[in-house]
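A short worksheet on the structure shown next.
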Amino acid sequence: MTFAAGSGHPGGSLSYADIVAALYFKVLNHRPGQPAWEDRDRLVLSKGHAAPVYYAALAESGYFPVSELVNLRKLGSMLQGHPSRSRTPGVEMSTGSLGQGLSVSNGIALAAKLDRKDHRIYCLCGDGEMESGQIWEAAMLAAHYKLDNVTTFVDRNRLQIDGPTEEVMSVEPLAKKWEGFGWHVIEIDGHDMRQILDACGAARQVKGKPTVIIAHTVKGKGVSYMENSIAFHGKAPNEQELIQGLRELGEDA
Amino acid sequence: MSRPLASQRKEYGRALVEIGQARPDVVVLDADLSTSTRTSDFAKKFPDRFFNCGIAEQNMMGTAAGLAASGKTVFASSFAVFATGRCWDQVRQSIAYPKFNVKIVASHAGITVGGDGASHQTAEDIALMRTMPNMTVIVPADAPETYKAVKAVVDRPGPCYVRLGRVDFPVVTTADSPFEIGKAAVMKEGEDVTLVGTGQMVAVCLDAAEELRTRGVSAEVLNMSTIKPLDKARLLSSTERTGAVVTAEEHNVLTGLGSAVATVLGENHPVPMSCVGIPDTFGESGESEELMVKYGLTSDMVVTAAERAIRRKGK
Ligand SMILES: Cc1ncc(C[n+]2csc(CCOP(=O)(O)OP(=O)(O)O)c2C)c(N)n1
Ligand SMILES: [Mg+2]
């Protein structure tokens, strides 16, 4: 997709691929044929630059044809470089400016409580995104209002644009921070399907507080030259790299 | 007309390194975009005077204020949408109000951000910055002017905003062209209409002037690289002579250069006016050239606007 677009964010998409797949194909209670179904679980991609993996999951789920995916980032396309709620079926929230998704998720969760609905809200954040102050304002609010219908993921791939998170702006001790803010914390290997599903199941059982799942991942997972690479944060592969990458992922080149 | 293209961001990086050498009081902040904004050039040379603030623009601006309060001259950079909108209140309360020496130099302004789409484009930043007291607002036309603008803001007391693009801009000035904050430059003299451009729209205005010449219209072109304080004297002396004006900006047409010019003309010497800019709508993903066409930032649009303004003369 990013190859066809000539730009985009493959690295941070691949680190989230297993989690996004688990959510769309196993966890979420949703009806792709009826995107506005009021009892659906909601997913907010706070880390909006992971749009490619998000669109792939929405297409495979049936929100729109898979053939749309090659139009990523093209003029007039429903698939904007960052998610746009008004353009793409299945997109709950327009994102791209980091740090804002958890607040919106909280609002959706408060509305669900008001309306006595028991759908769940999943918010997908980056680890560099943890540097944004609004995340912690939202973390405080979610705990204060006991939003146990909120589950937040943190894609702990240890990289942001300018380098490793711990060199640019350390976010550790991350689990302790969330605990301190009153959240139930689960740490998993974000590429282990069993652990992802178990964590989502456990989060559903927690009452009276929100849950954060800190998922240890590898940026660019599955494509050797992209793994742990800063260069492939916001750069598309060239044709040769594309063929090799697809082969490594077990797809037809 | 085809002109050589050059990067404003590269010139920012180059100027910043020279400033760092000459001025030990200069410190630079960025918010996890230093390779894009090119503050990384400074960071490599002067690691002790560079502070990456992470993805936390509001915090970056507050930190910049504190450094300035202690006598430092601070450059703070990010993408324009985040350096102005995300932290507007921090800039207003902690930088503009106390008149601190913080120079906000932001890249990726306007719609030519391209594929990232509306969340990363900004057509509001000139408005956000020019509405703030004490703030100087500069939109360099091209790469050479960027270098000069960055050099100039260091010596200008108080907060400044410098707006840069992502893509390479057509080069319309030279290393020797004069640049002074608050002064518009006459790029081409003319009699029938004044085309006032800012940023890369100066190049578009020059193209339009060329097309207008073939249609028998003599257009004057002003490079309004300082939006605030606006060069009223130069603007009025030109428009009083030509009797018609077109403004052109890669910004929301309702709230940027066009409205700044309209206020001056309206209060002093109204003439028929047409405004070229991004319509009052969010942008979208696409190639930057495609977006320039779709959102009406072309020389054809400037030509049409000029003809419309000229037709209304004397009515
Ligand atoms: C408020 C804001 N500031 C800056 C950016 C530019 N930006 C896009 S992605 C990114 C790095 C994100 O790091 P992380 O959250 O770790 O996600 P990953 O790169 O690992 O996918 C930055 C700084 C942005 N999108 N939003
Ligand atoms: Mg990361």
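All of these numbers come straight from a predicted model, not from anything done at the bench. So you know, we letter chains A, B, ... as the sequences are listed, proteins then strands, and number each from 1.
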Greatest number of heavy atom pairs closer than 4.5 Å to chain B - which of [options]:
| options | result |
| --- | --- |
| A:Lys74, A:Glu131, A:His82 | A:His82 |
| A:Thr95, A:Leu72, A:Ile161 | A:Ile161 |
| A:Ser132, A:Ser84, A:Gly99, A:Gly163 | A:Ser132 |

Self-check item: Option in B:Gly115, B:Ala43, B:Ala56 with maximal non-hydrogen atom pairs under 4.5 Å from chain A
Solution: B:Gly115
Quiz item: What option among B:Glu290, B:Lys294, B:Arg86 has the most heavy-atom pairs under 4.5 Å with chain A?
Solution: B:Arg86
Verify the neighbour count for atom [atom1] of [X]: are there more than 12 heavy atoms of other residues, nucleotides or ligands below 6.0 Å?
| X | atom1 | answer |
| --- | --- | --- |
| A:Arg85 | CZ | no |
| B:Lys10 | NZ | no |
| B:Arg92 | CZ | no |
| B:Phe282 | CZ | no |
| A:Tyr225 | OH | yes |

In terms of heavy-atom proximity below 4.5 Å to chain B, should [X] be classed as side chain, backbone, both, or neither?
| X | value |
| --- | --- |
| A:Thr165 | neither |
| A:Glu167 | neither |
| A:His9 | side chain |

Exercise. Kindly compute the distance separating CG (A:Asp162) from CG (B:Leu33), expressed to the nearest 0.5 Å.
Key: 6.5 Å
Quiz item: How long is the gap from CD on B:Glu284 to CZ on A:Arg73, to the nearest 0.5 Å?
Solution: 13.0 Å
Practice problem: Identify the two heavy atoms, one from A:Met169 and one from B:Asn52, that lie closest to each other, and give their separation to 0.1 Å. | Solution: CE-O, 3.4 Å
Practice problem: Indicate the atoms forming the closest heavy-atom contact of A:Ser97 with B:Ser119, along with that distance. | Solution: N-CB, 4.5 Å
Using side-chain heavy atoms (C-beta onward) and a distance below 4.5 Å, is [X] in contact with [Y]?
| X | Y | value |
| --- | --- | --- |
| A:Leu75 | B:Glu287 | no |
| B:Asp116 | A:Gln80 | no |
| A:His49 | B:His120 | no |

Quiz item: Strictly by modelled atom types, are A:Arg87 and B:Ser285 linked by a side-chain donor-acceptor pair under 3.5 Å?
Solution: no
Quiz prompt | For A:Val168, the option from B:Asp30, B:Asp32, B:Ile55 that meets side chain to side chain contact (heavy atoms under 4.5 Å, CB included) | solution = B:Asp32
Practice problem: Identify which part of B:Gln58 has an atom lying under 4.5 Å from any heavy atom of chain A, answering side chain, backbone, both or neither. | Solution: neither
